[in-house]
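We name chains A, B, ... by the order of the sequence lines, and we start the count at 1 in each one.
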There are 2 protein chains.
Amino acid sequence: MKQAHHPELDEISLTAVMAALSDPIRVGLVLLLADGRERGWGELRAPVAKSTLSHHLRVLRDAGITRTRQEGTRCFVVLRRDDLETRFPGLLAPVLAAAECDGVGRQVELAASA
Amino acid sequence: MKQAHHPELDEISLTAVMAALSDPIRVGLVLLLADGRERGWGELRAPVAKSTLSHHLRVLRDAGITRTRQEGTRCFVVLRRDDLETRFPGLLAPVLAAAECDGVGRQVELAASA
DNA sequence: TAGCTTGTTCGTTGTTCATCGAACATCGAA
DNA sequence: TTCGATGTTCGATGAACAACGAACAAGCTA
């Protein structure tokens, strides 16, 4: 369980962010994190195998959308809302609004809190 | 040269739009069309083969981002800015701003006007 | 009619991606 | 130390995609 790479502000690429947000499961994950609360991975319920979930969370991290923190064997993830707002002002909110309105990512849910 | 399908407003999918905008060339094309002017395909200069350009324009059309019109053997393309604004309010502007600021799609240029 | 121009479509190639199960690593707890 | 829980990584696979050249279709134009 190595510490993963998090891109710096100026390393965050627009196309990488767009690509990361072009998958419904990842959009759902971002929606769950939209309240700014940090979540343990055990709280995230998605209809995919855990290796696949790990992959999706890695894509989000590599794109600079989320930040991952490790504590013991557990991992926690949080939205880099401020960083995204600085880098691409006004981009995140419309995406989240549209996703919520459309029901994109509704397959991703929150488990009983850890 | 058949008339291509244009998705209706409610057929435009968020993830499809995000996916379409995750390619630098397509972002460049959208940037060129951002002024609302209709452009002939001959005006679009991108560093790809014409078949590839045709493909990219098709992806944009299928995603509901652009509208294509045929006139004789020529094709014209225009940004569906109002439709996008209706469907996903506030989404397009930040993307275009970020792209322009970052230089994403600067490889796509405008030829000497037709 | 015979070209020329303009786009589309096709077949191919190589890459990327989403997905899975299995194996591995790590830490905490019994 | 042994076990269980938690993530990561490793192939493997099938699908999607970007890219190209070549061939085709359709409409001007000479």
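If you take CG of B/Asp62 and C1' of C/dT9, they are 14 Å apart, rounded to a whole angstrom. Between A/Arg69 atom CZ and D/dT8 atom P there is a gap of 14 Å when expressed in whole angstrom units. Rounded to whole Å, atom P of C/dT8 lies 13 Å from atom CZ of B/Phe76. Rounded to a whole Å, the CG atom of B/Leu29 is 14 Å from the C1' atom of D/dA18. A/Glu43 has its CD atom 14 Å from the C1' atom of D/dT6, to the nearest Å.
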Contact list (N/O, under 3.5 angstrom) for nucleotides 20-24 of chain C vs protein:
unit_1	atom_1	unit_2	atom_2	d
C/dC20	OP2	A/Ala49	N	2.6
C/dC20	OP2	A/Thr52	OG1	2.9
C/dG21	N7	A/Ser51	OG	3.4
C/dG21	O6	A/Ser51	OG	3.1

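Judged by Watson-Crick or G-U wobble contacts below 3.5 Å, the nucleotide C/dC10 has D/dG21 as its partner.
Distance alone, capped at 3.5 Å, is enough to place a donor-acceptor pair between the A/Thr86 side chain and the A/Asp82 backbone. Not a single donor-acceptor pair under 3.5 Å links the side chain of B/Asp102 to the backbone N or O of B/Val104. Counting only distance, with no hydrogens or angles, the side chain of A/Arg87 and the backbone of A/Ile12 share a donor-acceptor pair below 3.5 Å.
In terms of phosphate contacts, A/Thr73 brings no side-chain nitrogen or oxygen within less than 4.0 Å of OP1 or OP2 of D/dA5. One finds no side-chain N or O of A/Arg74 lying less than 4.0 angstrom from the OP1 or OP2 phosphate oxygen of C/dG28. Note on B/Ser54: every side-chain N or O is 4.0 Å or more away from OP1 and OP2 of C/dG7. Residue B/His55 places none of its side-chain N or O atoms closer than 4.0 Å to OP1 or OP2 of D/dC20.
The two atoms that bring A/Ala98 and B/Phe88 nearest to each other are CB-CD2, 3.4 Å, heavy atoms only. Contact between B/Thr68 and B/His6 at its shortest, heavy atoms only, is N-NE2, 2.9 Å. Scanning all heavy atoms of the two residues, the minimum distance from A/Ile65 to A/Leu79 falls at O-CD1, 3.4 Å.
For A/Asp23, the side-chain atoms get nearest to C/dA18 when compared with the rest of C/dA18, D/dG7, D/dA18.
Linking ILVMFWY residues whenever their side-chain heavy atoms come closer than 4.5 Å, directly or via other members, leaves A/Phe76 and A/Leu32 in distinct clusters.
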